[in-house]
Amino acid sequence: MARTFLSWPVLRQLRSPDKLGRGTAVRSRQTDELAARTEAADRVAKSVCPYCAVGCAQNVYVKDEQVIQIEGDPDSPVNRGRLCPKGSASKNLVTSPLRQTTVKYRAPYATEWTDLELGTAMEMIADRVVKARNDTWQDIDDRGSRVRRTLGIASLGGATLDNEENYLIKKLFTAMGAIQIENQARI
Ligand code: SF4
């Protein structure tokens, strides 16, 4: 909106209902021109904050197929539109240039991390899991009870794992005979 002589704050104050000059009469041009980032979004996707077990619902604002903002979902009975500081920063989880996008490996006694091909890392993990299971497998425990388990493998899931991932992890580890299967949500 073009500014004129009549736009002076004191004149706006006298001419408007805001006689005490505590509202619209003294609002700056910069404030007038501010717009929420969410207004530019093409669409909104419903999601859940991945960081902790509270499970706050999120509205993910997308423009040109890029996440431009994440806000609390006011429709959720869990958080009623709110997010804690961690959840409010969850946009960084998908957009930060500091994200690690390669597998990092620090060999025994090494002081530096190196990049590994995903396939190589998966082979190394599989070899270690099979060896740990073979080395620690128990058919029968100290009291003669049939247990068919391993105490040499444990799983501790993080909060950024979703329901589907946790379901598969539980199935996989139980099938391997592990019984020490936990998640951040229960700690
Ligand atoms: S917004 Fe905060 S409290 Fe809610 S799920 Fe995310 S980390 Fe947990």
Side-chain angles (χ1 to χ4, degrees), residues 22-24 27-28 30-106 110-122 124-126 128-129 132 149-187:
R22 292 179 175 170
T24 53
R27 212 162 60 194
S28 69
Q30 185 184 9
T31 301
D32 276 340
E33 290 172 355
L34 287 177
R37 270 169 291 201
T38 53
E39 284 180 18
D42 298 327
R43 61 190 170 90
V44 182
K46 297 287 183 183
S47 188
V48 178
C49 175
Y51 281 130
C52 91
V54 174
C56 296
Q58 297 181 319
N59 284 339
V60 181
Y61 294 84
V62 180
K63 180 174 175 53
D64 300 330
E65 295 309 303
Q66 300 292 319
V67 175
I68 59 167
Q69 180 68 1
I70 297 179
E71 307 254 325
D73 183 351
D75 294 337
S76 166
V78 175
N79 52 316
R80 292 179 292 175
R82 304 176 182 93
L83 293 175
C84 79
K86 185 81 178 157
S88 299
S90 54
K91 175 169 165 278
N92 282 342
L93 186 67
V94 283
T95 62
S96 171
L98 300 176
R99 290 183 64 206
Q100 296 295 335
T101 56
T102 56
V103 178
K104 298 290 181 200
Y105 175 65
R106 187 159 64 85
T111 57
E112 302 291 334
W113 295 90
T114 53
D115 285 343
L116 276 187
E117 289 295 323
L118 180 59
T120 307
M122 296 294 276
M124 290 168 67
I125 293 168
R128 285 160 172 73
V129 168
R149 70 184 184 192
T150 171
L151 298 179
I153 301 174
S155 169
L156 176 59
T160 47
L161 297 168
D162 58 34
N163 280 356
E164 292 75 16
E165 288 162 340
N166 280 315
Y167 175 84
L168 292 173
I169 286 169
K170 170 71 173 139
K171 285 277 180 196
L172 172 66
F173 277 78
T174 300
M176 289 194 300
I179 57 173
Q180 302 160 133
I181 305 165
E182 266 299 352
N183 186 278
Q184 174 266 350
R186 280 163 36 97
I187 292 177

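In each ligand, atom 1 is the first atom listed, and ligand 1 is the first ligand listed.
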When you measure from the side chain of S28 to the backbone of T31, do you find a donor-acceptor pair of N or O atoms at a distance under 3.5 Å? yes

Y167, OH atom: more than 12 neighbouring heavy atoms under 6.0 Å: no

Does this structure show an ion pair linking R43 with E65, if we count only N-O contacts that are shorter than 4.0 Å? yes

Near atom 2 (Fe) of ligand 1 (protein N/O/S, cut-off 2.8 Å, waters excluded) we have C84 SG

Using modelled atom types only, decide if a donor and an acceptor are shared between the side chain of D64 and the backbone of Q66 within a distance under 3.5 Å. no

Counting each atom of ligand 1 from 1 as listed, which ones have a heavy atom of G55 under 4.0 Å away? 5 (S)

Treating T150 as the side-chain partner and A178 as the backbone partner, does any N or O pair qualify as donor plus acceptor under 3.5 Å? no

Would you check if there is a donor-acceptor pair between the side chains of E71 and T38 at a distance under 3.5 Å? no

